[in-house]
Amino acid sequence: MATRDLWRLCADWLIRCEILPRDHRVMFPNAEIFDLAQTLRDGVLLCHLLNTLSPGAVDMKDFSQRPQMSQFLCLKNIRTFLQTCKNKFGLRESDLFDSYDLFDVKDFAKVLNTLSKLSKSELALASGIDGFPQDNSSIQVEHDYYNTLEELATELPDEDIYSAVTTVEEGEQEIYEDLCSLRGRTTRRRKERERDQLEQGFEPKTKREHCLKELIETEKNYVEALQMIKTFFIHPLKNIIPSPNHELIFKHIEGLGNIHTAFQSDLHQAVRRSSAQALGDCFIKYKPQLLLYGDFCSNLPQAQERIDDLCRKNEIIRVAVEECQRKANEGKFRLRDLLSVPVQRVLKYHLLLKELIKQTDKKSPDRTFLEKALEAMQDLSLYVNEVKRDNEQLQLIQEIQDSIVDLQMPEKTSLKDYGRLLKDGELKIKSHEDNRLKTRYIFLFDKVMLMCKSRTMEKFLWGETYSYKNALVLAQHRVEEGVPAGRPRSEKWGHVFLLSENKNSVAYNFYAKTEEMKMKWVDAIKMALDNTNPANAREKGHDFIMTTFEEPQTCSECKKLLRGVFYQGYNCHRCKQSVHKECIQKASKRECHISNGPAPELPPRPIDRSSTVYNHRSASVSSAHSRGLPAKPSLGIKVKAVASYTGTPAPPTNKGQALKFEQGDVIDLISNDNVQWWEGRLHGKEGFFLKSYVEEYRRPFQRGPSYLHHDVRPPSPLHNDENQSPIGSPLQRSPRPASSASQKHPYINLANLEGYPWYVGEMSRESAMVKLEHHPSSTYLIRESINPARRGDYALSVKYDNNVKHIRVMRTQEGSFYLADCRFFRSIPELVDYYQKNSLAYSFPELDTVLSIPYNESVRQNAVFHPAPRETPALGYAVASFDYAATATNQISLTKGDRIKIVSKQGEDRGWWKGELRGKIGYFPCAYVDEEEDAADGNSASSPR
């Protein structure tokens, strides 16, 4: 049978196995084979498939159910699938595809062949589901049919594809429903409760009263569930399970039981008194005690693993645990599953309160008290969810560290001390020192980039372990998107970015398969740099450093909890303030009041590469200050000294040293937000000075040869004489401004760019691609980036060879602009003018074009090339109630008041929604927004979401 038909039969088989829903896109008439390949690429559905064919074939904890962008996790999932096919389903090794045959879609025909063999295995057929193809015809591999699939594999599938399978969270949700929800109780218990309510004078009649009933009843059921664990497990097993293991397994259960017994009593009293204020105060009062759930969540995976391990190794313990389960709930739920109920409960409070507020009259004063309670529980929910997510991240980081077989970490240091994993995957690398092209597997953390080499194990375990080769401390490097000269022979790896040391001593070329992949790496590196050195971190005397807090902390600025369990926020070691990333800007508007107490001990930092010997056997990246900050960025404004300043009067002690200068000196301005003292740079030195000693510097203007070009000439009133539109040659190599004799462009305020036909203001990469893709080749625009890692920076987007390319407009410390470090310009109009007459190929070999057609001019002259923007279906809209700063490239930043289009709620069980804002699609914390009521779905808080 031809493989052209086989992939459709495979899709049909997956639907019959209930792995894919019947309305999945692979069944659409216009579906392509890559739709199926993309659906399976991360290995999640394949592992669920094995459990459908043979329940329990794959332990749910042995594969990642949300690998997202991690190639490491995707390959782990695929290897788990292949190992189970071999060991459990009896497939021969020759029947198995290679991990990269699926992940990179190198040979999807082999993947289909393996799935066909699996579908006809004895164990699979025992499930009652026929295999494919149903006849015994041989499979004819048509390689030409697959030779373009690898080029399409640029990103991983969206999590929405997992809707047909049962995740761990959904399994835990079912247990919670059975034990705590109103629908989960037996008819007899419900009748008993209804009789008690009548006796106590509380019989719900309105929707609001039913919400109150659900809040009270589910809390009482939860207290009973905790008591059940205490009565049937903790006490009977105390003398059977060794004490250290017993304490680990049941850690905090009795403490939570005591807290919620009192909490339930206070809730009940508040409802009986019909006091919304008392009800709201109850949640606020108990919030500090409920922070215990953070440590409970951190301990839960270890507790569940210890139960499994003890029952597997000790027959006496296994029999005792099974007997306790039988007595407690007739063996319906395992002990390890019952321990997950507290996590489910604490994540329900904000949903129950939302529903209660929805049923409360908008004009009622009760809403104020309930909304304060909701804010407190949303904060708690996000904190708990991020604790869960961080613990998964820590487990991943440990797996990565274990997989790098020759990585020797410094004493008392592990990879987690270098931040979260932001991205991983394979790139080709060429160092400017040896100029040899090498294939490396990259692990990118907030603070460091590890370069490793994949080690070949078994055929289908390729890439399971890695050999350490090098490490780069990111704070000591800068990333550039421009393509330098010298590319690999293969066009497939022809998309290049540069990572160079700030001292310009070492540089690396990184080669990605596609432009999209390249930009994802560039964005991830810039996000890492932004995480470790966020904007405004050193303003007003502050020095905010990304910090791990051992105990739950509240943000000094917004009073919300810092999220997670490691590197939760930023601490100023001078004034001791602890803040979220998004709150640094607000905190830095006030002067830092230096504390007299000792500074907190900093976490381990990567050491300076210049003082450490690096080799392929040891990653010595531990002790130096990770900030490694380059010179402070300038404002792009210059001022001229009207009088000499000798340092007297001296700047305030919390400012720093004085910047001395002579009358007539031109100073590069770094900061001007203080009413009296400004910060600047002169001759490489930085310091503070009185603003009254300087005035705005106006560059001397000298007219050059007359040149008129509608593409670069700004409209009136910038030029009074249209015949005098000065244009000149760019600066050569040195980034320092040239003499006035060679200066032919007047100083142009960046705020005045709006008059140019190529300037479009703030715009994301995605929006620029959409706007340019239907325009003629060589159409271009200049935009301001909205990427949180480089917001406000300028970028050039140009249509060429049916693709849209993006180049960042870089800036020197002296304020000059450039695309590649061989030509520098005093203004963006001067830069645009130069590349209107000179090809970009000089610096970017794959872009052999000049800037020919300004975007706005093209829109006016060629309306046919301006299609309506693509629309992403919306589930509704939400308004941001708080600021949020993205910490990963798949997130979007929020500013209070932003209106976000909601495109998916698939991650709500983790506290995240996916939305679109300012042209970018990404995740954001749903607790930080208020959904517009006309778009809300109105589901009950107790129902699965």
Side-chain angles (χ1 to χ4, degrees), residues 32 34 38 104-105 147-156 425 427-428 479-498 509-524 526 758 760 763-783 785-787 790 793-810 819-820 831-832 835-836 838-859 862 864-870 889 919-921:
E32 300 287 346
F34 184 72
Q38 179 75 341
D104 282 339
V105 204
N147 60 6
T148 61
L149 294 183
E150 189 174 358
E151 300 173 4
L152 302 175
T154 60
E155 60 182 27
L156 294 172
L427 292 171
K428 292 190 182 296
V479 63
E480 299 179 18
E481 301 172 27
V483 183
R487 304 171 64 188
R489 295 178 182 177
S490 172
E491 287 296 318
K492 175 181 173 183
W493 294 89
H495 304 269
V496 191
F497 65 91
L498 179 73
N509 286 3
F510 291 82
Y511 300 87
K513 291 181 180 179
T514 67
E515 181 70 13
E516 184 178 4
M517 286 183 175
K518 180 192 93 171
M519 290 313 304
K520 286 184 177 180
W521 276 103
V522 171
D523 289 344
K526 290 180 177 179
W758 35 258
V760 295
M763 183 180 290
S764 68
R765 283 172 47 86
E766 294 81 2
S767 295
M769 291 179 69
V770 171
K771 289 183 178 297
L772 287 173
E773 64 180 348
H774 293 287
H775 283 257
S777 187
S778 300
T779 302
Y780 68 97
L781 57 84
I782 296 287
R783 57 185 173 84
S785 174
I786 64 172
N787 185 306
R790 56 176 188 271
D793 288 351
Y794 292 89
L796 167 68
S797 297
V798 57
K799 172 74 174 295
Y800 175 70
D801 195 22
N802 292 323
N803 289 302
V804 177
K805 302 291 185 179
H806 308 275
I807 305 172
R808 183 181 178 185
V809 179
M810 308 292 285
L819 299 182
L831 180 151
V832 171
Y835 286 108
Q836 283 188 322
N838 298 275
S839 175
L840 290 162
Y842 179 80
S843 301
F844 310 96
E846 86 285 9
L847 282 176
D848 189 11
T849 183
V850 297
L851 303 181
S852 178
I853 310 171
Y855 170 73
N856 291 325
E857 199 71 33
S858 180
V859 170
N862 306 282
V864 66
F865 292 111
H866 190 52
R870 296 173 178 173
T889 55
K920 180 176 179 180
I921 295 178

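Keep in mind the model is a prediction, meaning the values are calculated, not measured.
When all heavy atoms of Val804 and Met769 are compared, the pair lying nearest together is CG2-O, 3.9 Å. The heavy-atom pair separating Leu819 from Arg808 by the smallest distance is CD2-O, 3.8 Å. Shown here for Tyr855 and Thr779, the closest heavy-atom pair between the two residues is CA-CG2, 3.9 Å. What you find for Ala768 and Ser797 is that their closest heavy atoms are CB-OG, 3.7 Å. Minimum heavy-atom separation, Ile853 to Ser777: CD1-O, 4.2 Å. Of all non-hydrogen atoms in Arg783 and Met763, the two that sit nearest each other are NH1-O, 3.3 Å.
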(request) For Leu831 and Leu796, run side chain to side chain contact (heavy atoms under 4.5 Å, CB included): C-alpha distance rounded to whole Å, both residues' side-chain angles, the deciding distance at 0.1 Å, then the answer. (result) CA-CA 11 Å; Leu831 180 151; Leu796 167 68; 5.6 Å; no
(message) Please determine whether side chain to side chain contact (heavy atoms under 4.5 Å, CB included) holds for the pair Phe497 and Leu427, giving the CA-CA distance in whole Å, both sets of side-chain angles, and the decisive distance to 0.1 Å.
(response) CA-CA 11 Å; Phe497 65 91; Leu427 292 171; 4.2 Å; yes
(request) Would you sort out whether Val479 and Lys526 count as a side chain to side chain contact (heavy atoms under 4.5 Å, CB included), showing the intermediate values? (result) CA-CA 7 Å; Val479 63; Lys526 290 180 177 179; 3.5 Å; yes
(message) Working note: Tyr780 + Gln836, criterion side chain to side chain contact (heavy atoms under 4.5 Å, CB included); need CA distance, chi angles, decisive distance, verdict.
(response) CA-CA 10 Å; Tyr780 68 97; Gln836 283 188 322; 2.9 Å; yes
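With rounding to the nearest 0.5 angstrom, the OG atom of Ser778 is 8.0 Å from the OH atom of Tyr800. Note that the OG1 atom of Thr514 and the CE atom of Met519 stand 11.0 Å from one another [nearest 0.5 Å]. Going from atom OG of Ser785 over to atom CG of Asp523 covers 8.0 Å, rounded to the nearest 0.5 Å. Expressed to the nearest 0.5 Å, how far NE2 of His806 lies from OG of Ser764 amounts to 9.0 Å. Here CG of Leu851 is found 5.0 Å from CG of Leu840. Values are rounded to the nearest 0.5 Å.
At least one side-chain heavy atom of Lys805 sits less than 4.5 Å from a side-chain heavy atom of Glu515. With contacts defined as side-chain heavy-atom distances shorter than 4.5 Å, the pair Lys771/Val760 does not qualify.
One N or O on the side chain of Lys799 and one on the backbone of His775 form a donor-acceptor pair closer than 3.5 Å. A donor-acceptor contact shorter than 3.5 Å links the side chain of Ser839 to the backbone of Thr849.
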